[in-house]
Amino acid sequence: MASYEKYWLNVWNEKRLFESEPITGKKKAFVTFPFPYMNGPLHIGHCFTATRVDIYARFKRMQGYNVLFPWAWHWTGESIPGMSYRLSQGDESVRKAFLEVDGVPPKEVERFVDPEYLASYYTRVSREAVKETGFSVDWRREFRTVDPAFKKFIEWQYLRLRELGYVVQGTHPVVWCKRDESPTGDHDRMEGEGVSPEEFNLLKFKLGGGWLVAGTLRPETIFGATNLWLHPDGAYCEADVDGERWTVSLSAANKLSEQQHSVKVLREFKGKELLGTTVVAPITGASLPVFPGTFVDTELVTGVVYSVPAHAPYDYMGLVDLQNGLTSDSLQMVELAKKVKPISIISIQGYSDVPARDEVEKRGIMNSEDPKLDDATAELYKAEFHRGIMKENCDGYRGMKVSEAKPEVVEAMKRQSLLTVMQELPQRVVCKCGTRCYVKILENQWFLNYSDPAWKEKTKTLIKRANVYPEQSLEWYFSTIDWLRNWPCARRAGMGTKLPWDKEWIVETLSDSTIYMAFYTINHFINAETVKFEQLSPEVFDYLLLGKGSEAHVAKLSGIDAKLLNNMRNEFLYWYPVDLRNSAKELIPNHLTFFAFHHSAMFQEAQWPVGFSVNGMIEIEGQKMSKSRSVFVTWRQALEKYGADALRATLALAADGMDDADWKAKNAEDLQVKIESLFIFIEKSLRDSTRREPDHLDRWLLSVTHRRIQAVTTSLEIMRTRRALSVALLEVWNDLRWYLRREAEPRRETLELVFGSWIRLLSPFTPFASEELNRRMGGKGLLSSADWPSTEDFPTDDAAEVSELLITTVIDDARNLLKIIREEKKKLNVYATSDDAKSYFLELYRAQKEGGNRGEVIKKYARTGIKPERVIKLQYELGEELAARLAAAGGFDEFATLSRASGFLSSELGIEVTVYKAGESGIHDPAKKAAGALPFKPVFYLE
RNA sequence: GCGGGGGUCGCCCAGCCUGGUCAAAGGCGCGGGGCUUAGGACCCCGUCCCUCAGGGGUUCGUGGGUUCGAAUCCCACCCCCCGCACCA
């Protein structure tokens with residue numbers, strides 16, 4: 001960190017430069033960054049996204065806006081307590097991550113078993129990093145989402161959302177961890193990522209006075225059932241299920257009790273006990289024997305499987321194994337099995353009568369334990385479902401497609417109470433806490449009703465009216481709005497705010513972060529204890545944020561002074577709506593769209609957000625960021641190593657649009673050096689300059705600077721921070737280099753003017769260096785609150801720009817020529833265009849643009865001997881913009897420009913350069929080439 | 001699979017919506033030169049191929065098409081990234 005960074009931080013702080021108060025009549029900009037989650041330190045990904053917000057904030061401030069940039073910390077949710085719990089259980093990977101990746105001192109980690117402490121530690125170190133990076137934040141408005149006042153705000157929000165009908169109750173299956181008493185999302189899993197509950201059919205086979213209940217995804221294959229499978233060593237039970245006697249695996253009995261069934265286990269036993277008995281199949285009434293199947297997983301569905309060997313590869317191989325005596329010691333059982341023949345019930349093109357055998361043989365599967373059976377099953381299931389036809393032995397379903405028959409079979413069995421359903425995970429899922437998960441049907445959960453079509457429409461309108469950057473992200477919002485279903489907005493465990501009407505539930509993280517920006521507008525009163533959190537009743541928020549009720553009434557109700565209430569109300573009205581919210585693009589399908597939904601639900605259009613902006617994610621040295629692989633750089637580490645300005649600049653230059661940004665240490669080092677060189681460059685250039693009248697190069701520099709200011713400004717308006725800095729830093733520098741190279745006597749006044757604006761253009765990106773340079777250049781006041789450079793101070797000058805362009809063109813062309821001519825030459829003659837050729841071109845150009853008679857012009861200039869097609873072609877060669885500029889700078893004198901620059905050309909090209917004007921009599925023209933010169937196309941002759 | 005975004009000259013990337021100014025900006029890397037006691041920084045030149053008169057050839061994921069003309073428009077295909085939910 002450069003020494004001056006600390007200094008300026010203090011100055012800004014003492015002057016309370018970023019503490020924003022409403023100023024009546026002054027235009028405002030309210031910019032926000034989604035509060036970061038405090039289960040770890042802020043990293044450079046946060047820094048990237050947040051830096052873009054600060055760049056915009058500083059830019060708008062310099063443009064004369066009253067800017068509010070607040071900050072807060074997200075503590076809500078289960079992740080923080082979860083980490084504390086794992087640490088307390090001695091989980092080494094968690095401890096290691098704290099110590100080695102996050103860089104937490106060992107002493108502190110000891111205390112992380114307390115979730116509050118963990119979060120407060122990260123909040124503390126993160127706040128320091130944000131402050132030292134020079135973010136122009138109004139810290140008086142800071143809060144954490146567990147603060148009592150904030151909880152009051154969330155309570156109010158959910159009461160109102162519920163009244164408006166946006167919060168509804170529902171019953172849904174979830175993946176459940178018994179230990180956590182909580183649904184287990186993808187991120188909380190040790191095993192089974194991406195697995196979600198599927199609906200299995202339970203078919204009831206008559207067994208004595210009760211039922212043997214088999215699970216299946218293919219109930220339509222009941223017509224091909226030949227037997228049932230039980231794992232001989234599996235744990236089964238007889239249980240009372242909703243008043244019936246069921247035989248299922250023991251684990252199934254437990255799971256069923258979580259799925260709205262009343263279950264009482266009566267007797268436990270091993271699967272082998274039932275082998276050889278006979279059961280009666282539903283619908284078909286067939287008597288089927290129970291066989292041993294070692295491939296049966298008693299943890300999956302009911303642990304009872306009915307066998308369709310013709311169409312299920314597992315069943316086919318299980319039968320073959322048994323017939324070969326591999327899976328039973330009982331001769332009787334083997335003999336019984338040998339009598340079983342596969343029953344073909346589905347015809348499908350490309351397969352024989354027993355498709356399961358085809359699949360097995362195709363894959364060379366030898367026994368029922370072969371894992372290739374999974375593929376075989378999947379492929380055959382898919383093929384039969386889409387292309388299979390039910391055969392004549394399928395009762396009333398013959399000739400139907402399998403996909404059509406399936407729901408009808410289900411219905412038929414349901415009518416006879418022979419089928420019910422069960423939610424099950426098709427694969428093992430294990431929670432991070434080590435507990436095996438199962439499906440629980442959660443009752444009376446609270447949902448945000450995002451599937452409401454009217455709400456969707458309103459939210460789309462909100463997005464349509466907003467500015468959305470970059471443009472390419474717009475489609476994503478719309479498809480998210482369409483795609484979003486009801487969202488469970490409350491959970492059983494974790495930190496956060498309880499639902500005011502149902503204290504069993506805590507508002508989850510994505511649902512308590514939707515309209516909280518409104519809370520910033522008043523929170524400084526609470527932090528200053530002007531208002532006590534106990535006073536924040538729903539009526540207070542109604543008044544402050546929705547304008548409901550009279551202030552006298554609310555004052556009486558809450559005990560808050562009426563005048564203060566009025567101030568707070570005005571403050572909200574002044575700052576709202578949010579002018580810019582910038583986040584990483586991964587937040588579009590959740591947070592940013594939720595943000596839009598809730599604003600459309602709660603607020604009038606005048607308070608709807610007006611700016612949405614996203615950027616890509618961050619990569620580190622070309623790799624995806626990952627704590628577990630230690631591909632991770634904390635904000636603080638980067639800040640300490642490179643300093644605030646270099647950090648900000650590196651990130652700003654890393655990417656635009658939705659492209660992912662690659663953090664490279666090398667780039668940060670380069671930027672650090674570049675910022676140092678900036679000081680040297682500016683100071684040396686000023687030292688070497690003199691006061692004098694402006695010449696054409698001064699006019700050129702002002703003119704190009706005009707364009708640079710314009711480019712930086714328009715880029716920043718649409719959050720193209722990379723392009724903005726690229727122009728502000730690199731292109732301006734290139735302009736200055738050219739000026740200093742061309743200009744024998746750099747003019748002090750010009751440099752002061754340009755440097756003055758340059759450091760202003762850079763100020764949003766590198767605020768510390770800009771302040772420091774301003775001070776060293778004798779500037780008054782603070783640059784952070786100075787005016788944004790005005791293009792009015794930099795008049796454009798087409799003639800000056802075009803003439804410099806001519807110089808560079810001539811140098812490039814001449815270099816090219818000198819490169820290919822190997823002979824030694826001593827002198828370069830340059831023939832600038834004749835007046836005739838120039839007016840020929842200009843008149844022809846104008847004739848074309850203004851619809852004049854080109855033939856007339858061509859006739860008029862026939863005497864010059866210049867072929868008209870060359871002049872016409874020239875317009876295309878020069879291009880539209882240059883041709884227009886040439887026309888605009890009609891009086892532009894190429895000969896004068898080039899001869900004035902002949903000394904410069906000579907030194908640049910390393911050869912004596914003499915300039916002549918074509919068409920003048922008596923010029924030195926031994927090769928008779930001068931007549932070929934056209935505007936912007938001088939002719940060369942080497943000798 | 002579904003939805004969104006992309007594939008440009010060693011690398012990062014601008015350009016594409018609004019076709020011609022595009023062998024294609026800028027940064028990095030690399031080669032050469034200057035400055036310097038030296039290194040770094042800084043400054044200049046070069047960096048697709050060929051070319052002794054400013055020219056030519058082949059390029060913008062692949063293959064077609066539209067057009068006088070395509071990196072830019074249309075069609076098909078291939079590849080990469082992001083998201084896909086009870087979670088930050």
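Note that this is a predicted model, so its numbers are computed, not measured. Throughout, protein chains are lettered first and strands after them, A, B, ... in sequence-line order, and every chain is numbered starting at 1.
What separates CD of E619(A) from P of rC13(B) is a distance of 9 Å, to the nearest Å. To the nearest angstrom, P of rC84(B) lies 8 Å from CG of D186(A). To the nearest angstrom, P of rG4(B) lies 6 Å from CD of E475(A). The interatomic distance linking I618(A) (CD1) with rC82(B) (P) rounds to 15 Å, in whole Å. The separation between W663(A) atom CH2 and rG27(B) atom P is 20 Å, rounded to whole Å. Separating the CG atom of L725(A) from the C1' atom of rC12(B) is a distance of 15 Å, rounded to the nearest angstrom. We find that CG of N444(A) is positioned 16 Å from C1' of rC86(B), with the value rounded to whole Å. In this structure, the CD atom of E683(A) is 15 Å from the C1' atom of rA41(B), given to the nearest Å.
Separation of the C1' atoms belonging to rG6(B) and rG55(B) is 37 Å when rounded to the nearest angstrom. Rounded to whole Å, the C1' atom of rC48(B) lies 35 Å from the corresponding atom of rG4(B). Spacing between rC74(B) and rC28(B) at atom P, rounded to whole Å, works out to 36 Å.
You'll find that the side chain of L817(A) is closest to rG54(B), out of rC11(B), rG54(B), rA14(B). Candidate nucleotides rC13(B), rC28(B), rC86(B) were compared by shortest atom distance to the side chain of K674(A), and rC28(B) ranks first. Closest to the L730(A) side chain, of the nucleotides rG54(B), rG27(B), rA53(B), is rG27(B). Here the nucleotide nearest the side chain of R815(A), chosen from rG46(B), rG26(B), rG54(B), is rG46(B). Comparing rC52(B), rC81(B), rG26(B) by their nearest atom to the side chain of I821(A) picks out rC52(B). Listed nucleotides rG54(B), rU47(B), rA85(B) differ in distance to L484(A); the shortest reach to its side chain belongs to rA85(B). When distances are taken from the side chain of S726(A) to each of rG26(B), rC13(B), rU51(B), the shortest belongs to rG26(B). Closest approach to the F447(A) side chain among rC86(B), rG54(B), rC81(B) is made by rC86(B) (side chain taken as heavy atoms from C-beta onward). When distances run from any side-chain atom of R189(A) to the nucleotides rA85(B), rA14(B), rC86(B), the shortest one goes to rC86(B). The side chain of K664(A) has rC12(B) as its nearest neighbour among rC12(B), rU51(B), rG4(B).
Contact between the side-chain N/O atoms of Q472(A) and the OP1/OP2 oxygens of rG6(B) is found at a separation under 4.0 Å. Taking 4.0 angstrom as the limit, R741(A) places none of its side-chain polar atoms (N or O) nearer than this to OP1 or OP2 of rC42(B). Residue N486(A) places no side-chain N or O under 4.0 Å from the OP1 or OP2 atom of rA85(B). Residue K666(A) places at least one side-chain N or O under 4.0 Å from the OP1 or OP2 atom of rG29(B). Contact between the side-chain N/O atoms of K825(A) and the OP1/OP2 oxygens of rA53(B) is not found at any separation under 4.0 Å.
Relative to the ring axis of W75(A), R144(A) places its NZ or CZ within 45° and under 6.0 Å from the centre. In this structure, R741(A) forms no cation-pi arrangement with F904(A), as its terminal cationic atom is not both closer than 6.0 Å to the ring centre and no more than 45° off the ring axis.
Under the Watson-Crick or G-U wobble criterion, with both distances below 3.5 Å, rU37(B) is left unpaired in every strand shown. Checking rC17(B) for Watson-Crick or G-U wobble geometry (two distances, each under 3.5 Å) identifies no partner in any strand. Base pairing of rG3(B): its partner is rC82(B), meeting the Watson-Crick or G-U wobble criterion (both donor-acceptor distances under 3.5 Å).
At a threshold of 4.0 angstrom between heavy atoms, the contacts of L510(A) include nucleobase atoms, whether or not backbone atoms are also involved. At the heavy-atom level, N734(A) lies under 4.0 Å from the strands shown only through sugar-phosphate atoms. Using a 4.0 Å heavy-atom distance criterion, P938(A) is classed as a base contact. The residue D482(A) sits apart from the nucleic acid: no heavy atom pair falls under 4.0 Å. Counting any heavy atom pair closer than 4.0 Å across all strands shown, H172(A) reaches a base atom.
Within the 6.0 Å centre-distance limit, the rings of H172(A) and F447(A) are counted as a close aromatic pair. Aromatic rings of Y831(A) and F940(A) (six-membered ring for Trp) have centroids beyond the 6.0 Å cut-off, not under it.
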Go through the steps to decide whether S613(A) and R581(A) satisfy the test side chain to side chain contact (heavy atoms under 4.5 Å, CB included), and finish with yes or no.
-> CA-CA 6 Å; S613(A) 157; R581(A) 187 159 186 79; over 6 Å; no

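Taking the six-membered ring where tryptophan is involved, the planes of W733(A) and F681(A) are tilted, since the angle between them lies from 30° to 60°.
For E894(A), the side-chain contact (heavy atoms from CB on, under 4.5 Å) criterion is met by L806(A), A832(A), T833(A), F892(A), P935(A), F936(A), not counting sequence neighbours.
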What string of B, S and - do you get for nucleotides 33-39 of chain B 5' to 3' if you count protein non-hydrogen atoms under 4.0 Å?
-> -------

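Put simply, the side chain of M658(A) reaches to within 4.5 Å of the side chain of W476(A), judged on heavy atoms. Side-chain contact between S715(A) and T721(A): absent, with no pair of heavy atoms (C-beta onward) separated by less than 4.5 Å.
The aromatic ring of F940(A) is stacked on the base of rG54(B), with the two ring centres less than 5.5 Å apart and the planes inclined by under 30°.
Evaluation of the salt bridge (Lys or Arg N to Asp or Glu O under 4.0 Å) test over residues 583-592 of chain A, restricted to residues two or more places apart or in two chains, returns K585(A)-D660(A).
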